[in-house]
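Single-structure report; data block below.
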Amino acid sequence: MALGAVVKQAAANSAKATNAGSRLRLRKAALTLTPAAVTRLKRLTDGPSPQYLRVGVRQKGCSGNSYILEFTDAKGKFDEIVQQDGVTVLVDSKALITVLGSEMDYVEDKLSSQFVFHNPNAKGVCGCGESFAV
C-alpha cells in the first residue's frame, strides 16, 4: 500500500509539472529588427514624448498588400508590442498574421533610404518592390 501511495504522489507531481510547463509557450517573434533598423528608429523616436512606430499592412499595390508605417503616441488596444534593443515597435493586430516572422531592416544607398521588410510569408513581390502577395 505504501508503494502505491508513493506512485500516485509521483504521478500527481509529474502531472503538475507537465501542466505548469504547458503554460509556457514558445512563440515566433512577430517582427525582428536589424541593428541598422534599431539605430534609425532610435534616432526617429528620440524626443521628450515617447513615440512608437506602428507597422501595418493595407490592401493596395500591384501584388495586393503594402506595408504602412506610421508614428503614434499610444498603443492600440490589440497592437502587438515588439521590444528589441531599447526600441519599441507596434504591430497592428490586423497585420500580425501577414507580418509574423518578418525582419525589418533599414537600407541607405546613394538615391534613397528606406525600411525594408524580409517577409518569409510573402509568396511574391511586385517588380517595383512596393507591394507583396501572401
Side-chain angles (χ1 to χ4, degrees):
M1 289 281 181
L3 183 59
V6 170
V7 171
K8 285 182 184 178
Q9 183 63 37
N13 289 342
S14 176
K16 285 180 187 176
T18 302
N19 290 340
S22 67
R23 287 186 215 138
L24 299 174
R25 293 187 181 131
L26 294 176
R27 46 184 251 197
K28 196 174 198 178
L31 184 70
T32 57
L33 307 170
T34 64
V38 168
T39 301
R40 182 63 179 156
L41 284 171
K42 281 183 180 179
R43 278 191 264 145
L44 289 173
T45 58
D46 189 27
S49 63
Q51 281 195 323
Y52 306 107
L53 180 72
R54 178 178 287 128
V55 176
V57 174
R58 300 288 183 261
Q59 290 185 343
K60 69 177 198 177
C62 310
S63 294
N65 295 307
S66 183
Y67 296 103
I68 302 295
L69 303 176
E70 61 186 5
F71 285 102
T72 183
D73 295 329
K75 175 191 173 299
K77 186 174 182 180
F78 298 109
D79 286 348
E80 179 76 16
I81 299 173
V82 176
Q83 293 180 324
Q84 182 179 325
D85 300 328
V87 173
T88 302
V89 175
L90 306 175
V91 179
D92 185 8
S93 62
K94 296 176 204 131
L96 192 56
I97 296 296
T98 308
V99 175
L100 190 65
S102 295
E103 178 185 62
M104 184 175 165
D105 193 10
Y106 181 72
V107 178
E108 288 186 69
D109 60 23
K110 291 181 181 180
L111 297 176
S112 67
S113 59
Q114 62 185 344
F115 286 105
V116 177
F117 291 86
H118 304 284
N119 189 340
N121 305 313
K123 302 296 183 216
V125 180
C126 71
C128 64
E130 293 294 321
S131 64
F132 64 100
V134 181

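These figures come from a predicted structure and were not determined experimentally.
- Proximity of a side-chain donor or acceptor of Asn119 to a complementary backbone N or O of Thr98 within less than 3.5 Å is detected.
- In this structure, CG in Asp105 is found 9.5 Å from CZ in Phe115, a value given to the nearest 0.5 Å.
- Scanning both residues, Glu108 and Ser113, for their nearest heavy atoms gives CG-CB, 3.6 Å.
- For Phe78, the CZ atom is loosely surrounded, since the number of other residues' heavy atoms within 6.0 Å does not exceed 12.
- Side-chain atoms of Tyr106 and Thr34 form no donor-acceptor pair, as typed in the model, at a separation below 3.5 Å.
- For Lys75 (side chain) and Tyr52 (main-chain N/O), no donor-acceptor pair under 3.5 Å exists by modelled atom type.
- Closest of all the heavy-atom pairs between Glu80 and Ala30 is CG-CB, 3.9 Å.
- Residues Arg40 and Leu33 form no side-chain contact, since every pair of their non-hydrogen atoms from C-beta on lies 4.5 Å or further apart.
- Atom CD of residue Gln114 and atom OH of residue Tyr67 lie 12.5 Å apart, to the nearest 0.5 angstrom.
- Atoms OG1 and CD, from Thr32 and Gln84 in turn, are 6.5 Å apart once rounded to the nearest 0.5 Å.
- A distance of 12.0 Å separates CZ in Arg54 from CZ in Phe71, rounded to the nearest 0.5 Å.
- The minimum heavy-atom distance between Leu44 and Gln51, with the atom names listed, is O-OE1, 4.3 Å.
- Shortest non-hydrogen contact noted between Ala74 and Thr72 is O-OG1, 3.1 Å.
- For the side-chain contact (heavy atoms from CB on, under 4.5 Å) with Val89, the qualifying choice from Ile81, Val55, Thr45, Leu69 is Val55, the only one to do so.
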